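Keep in mind it's a predicted model, so treat the numbers as computed, not measured.
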There are 2 protein chains.
Amino acid sequence: MLSHVEENYLKEIYGLQEATLRGVSTNSIAEKMQTKASSVTDMLQRLSNKDLVVYTKYKGSRLSEKGRLMAISIVRKHRLWETFLVEKLNFLWDEVHDIAEQLEHIKSDKLIKKLEAFLGNPKFDPHGHPIPNSNGQINKLNSVSLAEFKIKEEGVFVGVKDSSDSFLKYLNKMNIAIGDTLKLLYIEPFDNSFLISANTRQFNISENVAKNLYLRSE
Amino acid sequence: MLSHVEENYLKEIYGLQEATLRGVSTNSIAEKMQTKASSVTDMLQRLSNKDLVVYTKYKGSRLSEKGRLMAISIVRKHRLWETFLVEKLNFLWDEVHDIAEQLEHIKSDKLIKKLEAFLGNPKFDPHGHPIPNSNGQINKLNSVSLAEFKIKEEGVFVGVKDSSDSFLKYLNKMNIAIGDTLKLLYIEPFDNSFLISANTRQFNISENVAKNLYLRSE
DNA sequence: ATTAATTTTTAGATTAACCTAAAAATATAT
DNA sequence: ATATATTTTTAGGTTAATCTAAAAATTAAT
């Protein structure tokens with residue numbers, strides 16, 4: 001059975017390897033885990049001994065199939081718990097991350113199955129991220145970043161890329177919520193800021209914000 | 001902030017000290033914690049340094065007021081989570097202990113407050129044990145063990161003393177559930193077994209089982 | 001293609017939580 | 001009350017997960 005720490009490593013490596021086809025660097029893991037590269041090397045050797053990671057000195061790491069499935073199962077638990085916290089306990093979407101970070105390590109397959117049923121088998125978590133099924137399959141959401149929209153294109157806001165507290169709080173303040181229909185009106189050439197309309201109102205967002213908003217168009 | 005292990009020690013010491021006015025022995029803690037006496041001594045010294053336990057070498061230990069409140073808060077979380085598992089996720093009462101043992105360590109006051117409200121501020125858990133309030137106050141339940149009943153006395157079964165899997169499964173099998181009205185008909189002098197009636201049916205239980213059933217009479 | 005910079009690994013320590021074996025304190029029994 | 005048994009503590013060691021500092025490998029730059 002894996003420790004909380006091992007599970008966290010798997011989860012972070014999974015997140016990193018999804019963004020690249022090459023090996024995940026030791027330093028990038030250290031940054032995500034808020035720890036030192038030397039600690040990461042230690043852990044990689046341990047995970048490699050357990051056949052959860054394919055690790056070659058100085059060459060970066062990838063999860064083994066076994067490791068990938070473990071990582072996805074943690075992501076699954078995380079997202080189900082986040083959904084529970086928001087849907088059932090009325091937490092706001094920017095409050096749930098740290099708590100789900102703890103809950104994701106609770107060990108009980110039966111619990112997760114029952115939780116999922118209790119929530120009505122949700123397919124997406126409160127941030128619009130797909131919830132893997134119990135076989136580790138993930139519904140890739142066919143959405144695209146607002147930063148890639150053309151002028152006058154519109155779409156429904158279905159999820160964030162980055163779900164940090166600060167970004168979610170910003171969206172709260174701007175009154176932008178999942179389900180809103182957003183339309184790109186204009187890109188200011190000077191600073192690349194985006195002029196957006198939603199319902200009746202109009203507002204500006206930075207390019208960075210646009211990159212973090214995922215929409216389903218057509 | 002306390003580690004899971006420290007929290008478990010506090011919880012077990014609390015359970016033990018409730019049963020006596022004297023110091024809790026190192027060995028009794030070791031037995032509960034499924035560990036060695038020497039490990040317990042280590043931990044007692046650590047908890048004592050943190051002012052959670054009043055520990056005097058060779059003389060046994062008691063929780064400090066601070067330690068007692070911490071212990072009660074863990075018991076509170078445990079019982080709220082057990083209630084959640086049974087009431088909302090449809091677990092049976094003999095399945096929830098190990099999962100609640102993990103959930104009780106999740107750190108978030110807000111979570112526990114919201115969970116409590118979501119459950120409708122329950123006063124007792126699925127085993128009939130009182131749920132401490134957020135100030136650490138506990139509703140002492142005024143019930144008495146069936147073993148202390150007189151012949152022909154009857155009462156409502158409100159809680160178990162021991163909530164081990166095996167005992168709860170035994171009660172399931174015997175079809176004895178919280179809320180049942182039980183009446184003591186006869187005590188067999190030969191083996192001290194108890195003849196009980198519940199509704200229409202009659203059955204025998206051992207003295208040991210009787211000691212573990214708590215009823216509210218009159 | 002060497003040198004310089006960066007990344008990664010190793011070596012050696014630390015801390016929490018455990019262990020075994022031995023020593024010390026306390027309790028019990030004759 | 002002295003010997004014996006039991007309980008508890010100490011001493012010293014282990015493992016997981018971390019750290020710092022130094023060494024080794026890789027990458028970048030002139």
Side-chain angles (χ1 to χ4, degrees), chain A residues 1-14 16-17 19-63 67 70-71 74 101-102 104-105 107, chain B residues 1-14 16-17 19-63 67 70-71 74 101-102 104-105 107:
Chain A
M1 206 170 53
L2 300 184
S3 70
H4 288 200
V5 176
E6 289 171 319
E7 290 192 346
N8 284 335
Y9 270 92
L10 291 181
K11 191 181 55 167
E12 294 301 351
I13 296 169
Y14 174 72
L16 289 165
Q17 84 170 17
T20 173
L21 291 167
R22 295 192 286 119
V24 175
S25 78
T26 301
N27 259 356
S28 65
I29 299 170
E31 200 183 341
K32 279 276 177 196
M33 296 291 298
Q34 308 253 63
T35 186
K36 302 291 158 163
S38 55
S39 307
V40 174
T41 301
D42 261 20
M43 181 55 90
L44 288 174
Q45 288 167 347
R46 228 134 65 62
L47 293 174
S48 174
N49 286 337
K50 294 192 180 189
D51 286 321
L52 295 163
V53 157
V54 180
Y55 164 70
T56 2
K57 266 192 189 181
Y58 295 106
K59 297 292 177 192
S61 311
R62 304 276 307 175
L63 295 176
M70 295 264 5
I74 299 156
E101 203 89 320
Q102 299 179 64
E104 73 193 7
H105 300 296
K107 263 118 184 149
Chain B
M1 206 170 54
L2 299 184
S3 71
H4 288 200
V5 177
E6 289 171 319
E7 290 192 347
N8 284 335
Y9 270 92
L10 291 181
K11 191 182 53 165
E12 295 300 353
I13 297 169
Y14 174 72
L16 290 164
Q17 83 171 17
T20 173
L21 292 166
R22 296 192 286 117
V24 174
S25 79
T26 301
N27 259 355
S28 65
I29 299 170
E31 199 183 342
K32 280 275 178 201
M33 296 292 299
Q34 309 253 59
T35 185
K36 301 291 158 167
S38 56
S39 307
V40 173
T41 301
D42 262 20
M43 181 55 90
L44 288 174
Q45 288 166 348
R46 228 134 65 62
L47 294 175
S48 173
N49 286 338
K50 293 191 179 188
D51 285 322
L52 295 164
V53 157
V54 180
Y55 164 69
T56 4
K57 265 193 192 180
Y58 294 106
K59 298 290 178 194
S61 311
R62 305 277 308 176
L63 295 176
M70 296 264 4
I74 299 155
E101 204 90 317
Q102 298 179 63
E104 73 192 6
H105 300 295
K107 263 118 184 152

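- Map B:Ser39 and A:Thr35 each onto its nearest nucleotide of DNA chain D; the residue landing nearer the 5' end is B:Ser39.
- Heavy atoms only, all atoms of each residue included: A:Ser61 and A:Val53 are closest at CB-CG1, 3.8 Å.
- Listed pair A:Gln45 / C:dT10 meets the phosphate criterion, a side-chain N or O lying under 4.0 Å from OP1 or OP2.
- Under the side chain to side chain donor-acceptor pair (under 3.5 Å) criterion, B:Glu101 pairs with B:Lys11, sequence neighbours left out.
- The two atoms that bring B:Thr20 and B:Arg62 nearest to each other are O-NH1, 2.8 Å, heavy atoms only.
- Applying the salt bridge (charged side-chain N to carboxylate O under 4.0 Å, His left out) test to B:Glu31 and every residue at least two apart in sequence or in another chain returns nothing.
- Whole-Å rounding puts the A:Lys36 NZ to C:dG12 C1' distance at 17 Å.
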Quiz: residues 21-30 of chain A side-chain donor-acceptor pairs under 3.5 angstrom, not counting sequence neighbours:
residue: A:Ser25; atom: OG; partner: A:Ser28; partner atom: N; Å: 3.1
residue: A:Ser25; atom: OG; partner: A:Ser28; partner atom: OG; Å: 3.1
residue: A:Ser28; atom: OG; partner: A:Ser25; partner atom: O; Å: 2.7

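- With contacts defined as side-chain heavy-atom distances shorter than 4.5 Å, the pair B:Asn8/B:Glu104 qualifies.
- Annotation: salt bridge (charged side-chain N to carboxylate O under 4.0 Å, His left out) contacts of B:Glu7 (sequence neighbours excluded): B:Lys107.
- Per the geometry, CG belonging to A:Asp42 stands 17 Å off P belonging to C:dT15, to the nearest Å.
- In this model, the phosphate group of C:dC18 is not approached by any side-chain N or O of B:Ser38 to a distance below 4.0 Å at OP1 or OP2.
- With sequence neighbours left out, A:Lys50 forms a salt bridge (charged side-chain N to carboxylate O under 4.0 Å, His left out) with A:Glu6.
- Ring-plane geometry between A:His4 and A:His105 is classed as parallel, the angle between the planes falling under 30 degrees on a 0 to 90 degree scale with a further cut at 60.
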Contacts under 3.5 Å, N or O only, protein and nucleotides 3-5 of chain C:
none

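- Rounded to whole Å, atom C1' of C:dT9 lies 11 Å from atom CG of A:Leu44.
- Contact between A:Met43 and A:Val5 at its shortest, heavy atoms only, is CE-CG1, 3.6 Å.
- Within residues 4-13 of chain A, no residue approaches DNA chain C, by heavy-atom distance under 4.0 Å.
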> What string of B, S and - do you get for nucleotides 1-8 of chain D, 5' to 3', if B is base contact, S is sugar-phosphate-only contact and - is no contact with any protein heavy atom under 4.0 Å?
Replying inline: ------SB

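- For residues 47-54 of chain B, proximity to DNA chain D is found at no residue, defined as any non-hydrogen atom under 4.0 angstrom from a strand atom.
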>> Assess the residue pair A:Leu44 and A:Tyr9 against the criterion (side-chain contact (heavy atoms from CB on, under 4.5 Å)); give the C-alpha distance rounded to whole Å, side-chain angles, the decisive distance to 0.1 Å, and a yes or no.
In response: CA-CA 9 Å; A:Leu44 288 174; A:Tyr9 270 92; 5.7 Å; no

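- Contacts of B:Val54 classified as side-chain contact (heavy atoms from CB on, under 4.5 Å), with partners at least two apart in sequence or in another chain: B:Ser64.
- Listed by chain and residue number, B:Tyr55 satisfy the side-chain contact (heavy atoms from CB on, under 4.5 Å) test with B:Lys57 (two or more places apart in sequence, or in another chain).
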